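Just so we're on the same page: letters track the sequence lines, and every chain starts at 1. Bear in mind the structure is a predicted one, so any value in this text is a computation, not a measurement.
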Amino acid sequence: MRPIFALVDCNSFYASCEQVFDPRMRDRPVIVLSNNDGCVIARTAEAKAVGIKMAEPFFEQEELILKHDVQVFSANFTLYGDMSNRVMETLRQFAPRMEVYSIDEAFLDLAGFRGDLAEYGRKIRSTVRRWTGIPVSIGIGPSKTLAKVANRIAKRDAEQRGVFDITDRPDAGELLDRIEVGDIWGIGRRYAKLLNRHGIYNARQLRDAPDKFVRQHMTVMGLRTVTELRGEPCIRLDDVTHDKKNLMSSRSFGRPVRERADLEQAVAEYASLASEKLRRQQSLASLVHVFVETDSFRDGPQYRNFATVGMAMPSSYTPDLIRAAHQGLDRIFRPGFDYKKAGVMVSEVVPAATVQLDAFGRDGGVTVKRSVMRAMDAVNARMGRNKVFYAAQGTDKTWGMRQKRLSKRFTTDWDQIPTVKA
DNA sequence: TCTGGGGTCCTAGGACCC
DNA sequence: TCTGGGGTCCTAGGACCC
């Protein structure tokens with residue numbers, strides 16, 4: 001059966017989430033900032049129209065923001081994660097198979113669908129809007145890459161009303177003419193530049209480029225993209241969830257940090273977050289990597305370093321990871337620097353079920369540790385994140401991130417559910 | 001004053017083995 | 001003087017994604 005993919009993509013997702021819970025924000029320029037209120041990571045069409053740039057620093061755009069009364073929010077990932085689940089659950093009803101590709105995107109498998117695909121797309125779109133409040137755009141095509149292209153057209157051309165089907169279009173060539181090569185899924189800045197140097201500027205030119213040229217300059221990955229542009233699918237729909245092979249937890253600090261004690265707290269906090277992520281996917285890790293770095297945007301002495309610490313047995317037990325992270329920090333901490341960021345990554349991740357006994361048949365206390373963690377996760381799930389935590393994480397957290405414009409956790413915390421006044 | 005935080009895959013080259 | 005040929009594993013770096 002001929003594959004047909006639909007790519008459903010939420011429009012300016014984080015900003016849309018904020019609009020759902022605050023009707024005053026509808027039809028207004030709204031933006032959402034990255035952690036630490038650093039960069040713009042989402043903007044509504046209205047914000048784009050007044051010239052707000054994506055991924056650019058917030059402080060550089062403050063003038064524009066004041067002038068156009070742009071509404072600004074700190075990132076509220078708890079809210080976005082929950083809204084994402086609602087959107088995905090809604091989408092699931094429209095296709096036998098679905099791949100959740102990112103927090104705001106999913107591929108649907110529409111192979112074998114009989115009827116008008118674009119019409120079906122519009123039905124999906126209006127249902128998601130009605131059930132979750134989130135606007136989406138939908139691209140439909142014979143390969144994932146072409147579904148992505150169609151999605152761009154759906155977003156760009158207002159007359160498509162948010163849905164575009166590129167399958168069996170006799171004018172596919174002209175449509176691809178209007179897609180810049182750098183806007184193709186899989187073609188980043190570097191490849192776009194390289195292709196431009198060789199006279200390839202749009203999707204049609206890339207589609208028609210010789211295999212040998214593509215293979216030589218862009219490896220097999222590039223060749224896959226080109227094949228997909230030709231309408232021959234080679235990236236399959238992947239509907240099983242894979243365990244992450246690496247898990248990272250890192251943050252920039254709200255202020256420069258000099259004291260070792262503060263770094264120890266921060267690193268403990270990140271190790272604890274990494275442990276939680278491991279437990280959520282029922283995995284254990286045996287390597288813990290710690291890194292610290294100064295602020296490269298500022299003058300002054302710069303330092304960055306990382307250390308890797310192996311644990312005796314794979315673990316997801318928070319104190320094990322905190323201990324390893326502190327060992328790593330011991331190795332790389334140098335006094336006298338203004339640190340801006342630190343992080344903890346874990347690797348050599350294995351499923352928890354495969355845990356081995358040591359040579360003496362002991363389980364290293366795994367059973368006890370597991371019940372402690374289960375209890376802690378249960379309390380935190382119910383009462384709110386970090387209600388129970390380790391003292392090493394610190395209680396004052398003066399290094400914590402700036403989030404001046406945080407919305408409430410409308411959907412995941414009983415105390416913050418919106419109320420309607422009669 | 002203020003510049004995010006995650007992930008994946010592929011390739012080339014070196015170490016090492018037989 | 002002649003100076004093999006494969007294979008595997010690991011790592012660093014480069015590209016991409018959201």
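- Less than 4.0 Å separates DNA chain B from at least one heavy atom of each of the following residues of residues 230-265 of chain A: K244(A), K245(A), N246(A), L247(A), M248(A), S249(A), S250(A), R251(A), S252(A).
- Shown here for R207(A) and L229(A), the closest heavy-atom pair between the two residues is CD-O, 3.8 Å.
- Out of dT3(B), dA15(C), dG5(B), the shortest distance to the side chain of N35(A) is found at dG5(B).
- Side-chain contact between V136(A) and D9(A) is absent, with no heavy atoms from C-beta onward closer than 4.5 Å.
- Candidate nucleotides dG4(B), dC18(C), dC16(C) were compared by shortest atom distance to the side chain of Y191(A), and dC16(C) ranks first.
- The separation of dT3(C) from dC17(B), taken at their P atoms, amounts to 25 Å, rounded to a whole angstrom.
- Taking side-chain N and O atoms only, K341(A) has no distance below 4.0 Å to OP1 or OP2 of dT3(B).
- Considering only side-chain N and O atoms, R215(A) lies under 4.0 angstrom from the phosphate OP1 or OP2 of dT11(B).
- Side-chain contact annotation: D338(A) with T294(A), donor-acceptor N/O pair under 3.5 Å absent.
- At a threshold of 4.0 angstrom between heavy atoms, the contacts of I184(A) are confined to the sugar-phosphate backbone, with no base atom among them.
- Under 4.0 Å is where a charged nitrogen must lie from a carboxylate oxygen, and between D177(A) and R204(A) at least one such pair does.
- At a threshold of 4.5 Å between non-hydrogen side-chain atoms, the residues Y14(A) and Q19(A) do not count as touching.
- For S102(A), counting side-chain heavy atoms from C-beta on, the closest listed nucleotide (dT3(B), dG7(B), dC18(C)) is dC18(C).
- For the pair D22(A) (side chain) and R24(A) (backbone), a donor-acceptor distance under 3.5 Å is present.
- Of the candidate nucleotides dT3(B), dC9(B), dC16(C), dT3(B) has the atom nearest to the side chain of P57(A).
- Candidate nucleotides dT3(B), dC10(B), dC18(C) were compared by shortest atom distance to the side chain of V220(A), and dC10(B) ranks first.
- If you check dC18(C), dC16(C), dT3(B) against the side chain of W185(A), the one that comes closest is dC18(C).
- The phosphate of dC18(C) has OP1 or OP2 within less than 4.0 Å of a side-chain N or O from K148(A).
- Nearer the 5' end of DNA chain B, as judged by each residue's closest nucleotide, is the contact made by E62(A), out of E62(A) and S34(A).
- Residues Y14(A) and K404(A) both approach DNA chain B. Their nearest nucleotides, taken by heavy-atom distance, put K404(A) toward the 5′ side.
- Checked against dT1(B), dC18(C), dT3(B), the side chain of R298(A) finds its nearest nucleotide in dT1(B).
- Listed candidates were dC10(B), dC18(C), dT3(B). Nearest to the side chain of T219(A) is dC10(B).
- Contact annotation: K340(A) does not reach the phosphate of dC2(B) (side-chain N/O to OP1 or OP2, under 4.0 Å).
- At a threshold of 4.0 angstrom between heavy atoms, the contacts of E105(A) are confined to the sugar-phosphate backbone, with no base atom among them.
- Donor-acceptor pairing under 3.5 Å is lacking for the side chains of Y270(A) and Q265(A).
- Comparing the C1' positions of dG4(C) and dC16(B) gives a spacing of 16 Å, expressed to the nearest Å.
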